[in-house]
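Below: one structure, written as structure tokens.
Numbering starts at 1 and runs along the sequence shown. Basis for what follows: all heavy atoms, side chains included, without hydrogens, waters or symmetry-related copies. Quick caveat, the model's predicted, so the values are computed rather than measured.
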Amino acid sequence: MTELTKCRIGWAELPARVRAAVQEILGDLVVEAVSQPGGYSPGSADRVRTASGRRAFVKAVSPAQNPDSPRLHRAEALIAAALPEAAPTPRLLGCHDDGDWVALVFTDVDGRHPATPWLTDELTTVLSTLEAMAALLTPNPVPHAPTAAERLAHDFAGWHRIAADPPARLDPWVRDHLDALRAAADHGLDELAGDTLCHVDLRADNLLVDAAGGVHVVDWPWACRGPAWLDTALLLVNVRLHGGHDTEALLRALPLTAGVDPAVLTGVYAGLAGYFADAARRPAPANIPTVRAFQQAQADALLPWLANRLR
């Protein structure tokens, strides 16, 4: 499996004014900061402890690390501030935004990412959490969130971009099925109506499991309004990537996906595969050198599944 970001900065590398703003939010001096693994942001991601023993999670970034990352932090701040307290997510304690640096301060979760390949017990708990979360976030509690169709329109057009500008080495099955893949992705996009707030970036490194086995969903910048089943269907891409589980059987058995038109699910997976295949051939974003290999790995995991579903 591809490694995550190697370019992450730490708490000590943040400008003094940013550290001071975070400490003002916390109401105390930070005396310890431990950088956390996982994810693809080149900004900081630290669990911190204050002089009085208070703990929090702080992530901060500026355009110097990546020009798009501050926008994502700002989007996440708006989403996180509107999430209900009962949602299985860390609470946003405060945000610093000086026009250059954006720092988000969350309650700390003393947890770890789920094991991959996925363990059956952990996967069952995560899927149950997503079912409960979908119920809690319906109707959508974030009025400014875009629709899933708006959020995913560019991504799901990946096969159209590949057809218009095919790579020199295009998988023979993809070449022979481009029309079907484009049609399926378009159909999937058309069927994403719903009034559930969806995370839409669910994978193991965006989940934390605490000591009691509770699941916490983190990193919400892409959240949007869509169908209640969407996050569950998207998580199964990560499950399939790591292997060890029958994702087709899970789709048929899980309460949120069992009743969904199979053609719609195929369309969603076709849209995702097109996005990953198209994105993987692009130059890597600034200071995120490993993300293209990860996108290619997800495309490679999805294409055999799609070959079976499109028969």
Side-chain angles (χ1 to χ4, degrees), residues 4-85 87 89-111 141-146 150-151 154 197 199-201 205-206 208 216-224 283-291:
L4 304 186
T5 183
K6 292 182 178 180
C7 301
R8 176 161 291 160
I9 60 173
W11 168 259
E13 297 169 87
L14 301 181
R17 70 180 187 279
V18 177
R19 296 197 305 270
V22 169
Q23 290 172 140
E24 184 174 352
I25 291 170
L26 292 172
D28 200 359
L29 182 69
V30 170
V31 296
E32 181 183 56
V34 180
S35 184
Q36 300 301 293
Y40 288 90
S41 172
S44 70
D46 292 278
R47 292 181 66 197
V48 303
R49 179 175 58 85
T50 70
S52 63
R54 185 180 188 184
R55 294 186 178 274
F57 174 74
V58 179
K59 60 181 182 180
V61 74
S62 79
Q65 288 76 53
N66 179 275
D68 295 323
S69 293
R71 173 179 57 84
L72 297 180
H73 276 33
R74 292 183 178 105
E76 182 174 9
L78 292 174
I79 294 290
L83 288 171
E85 288 191 11
T89 66
R91 304 272 69 76
L92 181 69
L93 300 176
C95 173
H96 164 76
D97 186 348
D98 60 22
D100 184 28
W101 283 88
V102 183
L104 307 184
V105 184
F106 291 94
T107 54
D108 181 48
V109 175
D110 187 5
V142 185
H144 61 269
E150 291 167 339
R151 173 68 77 202
H154 178 269
L197 185 71
H199 182 282
V200 300
D201 194 24
D205 61 286
N206 279 339
L208 292 171
H216 307 259
V217 183
V218 303
D219 292 345
W220 286 77
W222 303 107
C224 57
N287 290 319
I288 314 178
T290 60
V291 70

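- Using a 4.5 Å cut-off on side-chain heavy atoms (C-beta onward), Val48 and Phe57 make no contact.
- Minimum interatomic distance between Asp98 and Trp101 (heavy atoms only, all atoms of both residues): OD1-N, 2.7 Å.
- Between Pro90 and Asp108 there is no side-chain heavy-atom pair separated by less than 4.5 Å.
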Steps toward salt bridge (charged side-chain N to carboxylate O under 4.0 Å, His left out) verdict (Arg17, Asp100): CA-CA 11 Å; Arg17 70 180 187 279; Asp100 184 28; 3.6 Å; yes
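- With respect to Glu32 and Arg47, no salt bridge is recorded, no charged nitrogen being found less than 4.0 Å from a carboxylate O.
- Looking at Leu26 and Arg54, their side chains come closer than 4.5 Å, going by heavy atoms from C-beta outward.
- Between Cys95 and Val105, every side-chain heavy-atom pair lies at or beyond the 4.5 Å cut-off.
- With values rounded to the nearest 0.5 angstrom, Leu72 atom CG is found 10.5 Å from Leu104 atom CG.
- In this structure, the side chain of Arg91 does not engage the main chain of Ala80 through any donor-acceptor pair within 3.5 Å.
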Side chain to side chain contact (heavy atoms under 4.5 Å, CB included) assessment of Asn66 paired with Ile288: CA-CA 8 Å; Asn66 179 275; Ile288 314 178; 3.8 Å; yes
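- Ala12 and Arg19 make their closest contact through O-NH1, 3.4 Å (heavy atoms, listed as atom of the first residue, atom of the second, distance).
- Here Trp222 and His199 keep their ring centres 6.0 angstrom or further from each other.
- Side chains of Ser69 and Arg71: a donor-acceptor N/O pair is absent below 3.5 angstrom, by distance only.
- To the nearest 0.5 Å, atom CG of residue Leu197 and atom CD1 of residue Ile79 are 5.5 Å apart.
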CA sep, side-chain torsions, deciding dist, call: Lys59, Asp219, salt bridge (charged side-chain N to carboxylate O under 4.0 Å, His left out): CA-CA 10 Å; Lys59 60 181 182 180; Asp219 292 345; 2.6 Å; yes
Test log, rule side chain to side chain contact (heavy atoms under 4.5 Å, CB included), inputs Tyr40 and Thr290: CA-CA 8 Å; Tyr40 288 90; Thr290 60; 3.5 Å; yes
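- A heavy-atom distance below 4.5 Å is not found between the side chains of Val102 and His96.
- Of all heavy-atom pairs spanning Pro285 and Val291, the tightest one is CD-CG1, 3.5 Å.
- Between Phe106 and Leu93 the shortest side-chain heavy-atom distance does not fall below 4.5 Å.
- The nearest pair of heavy atoms linking Gly43 to Ile9 is C-CG1, 3.7 Å.
- Judged purely by atom type and a 3.5 angstrom limit, Gln36 has no side-chain atom pairing as donor or acceptor with the backbone of Ala45.
- Within the 3.5 Å criterion, the main-chain N or O of Ser41 finds a donor-acceptor partner in the side chain of Arg8.
- Of all heavy-atom pairs between Ala75 and Pro221, the closest is CB-O, 3.8 Å.
- A side-chain donor-acceptor contact under 3.5 Å links Asp28 to the backbone of Ser52.
- Under a cut-off of 6.0 angstrom, the local environment of CD in Glu24 is sparse, with at most 12 non-hydrogen atoms contributed by other residues, nucleotides or ligands.
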CA sep, side-chain torsions, deciding dist, call: Trp11, Val22, side chain to side chain contact (heavy atoms under 4.5 Å, CB included): CA-CA 10 Å; Trp11 168 259; Val22 169; 3.9 Å; yes
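- Within the 4.5 Å cutoff, no side-chain heavy atoms of Val61 are placed close to those of Ser44.
- No side-chain donor-acceptor contact under 3.5 Å links Asp46 to the backbone of Val58.
- In this structure, the side chain of Thr50 does not engage the main chain of Leu29 through any donor-acceptor pair within 3.5 Å.
- Listed here is the closest heavy atom pair of Pro63 and Pro70: N-CG, 3.5 Å.
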Candidate pair Thr107 and His216, rule side chain to side chain contact (heavy atoms under 4.5 Å, CB included), full reasoning: CA-CA 11 Å; Thr107 54; His216 307 259; over 6 Å; no
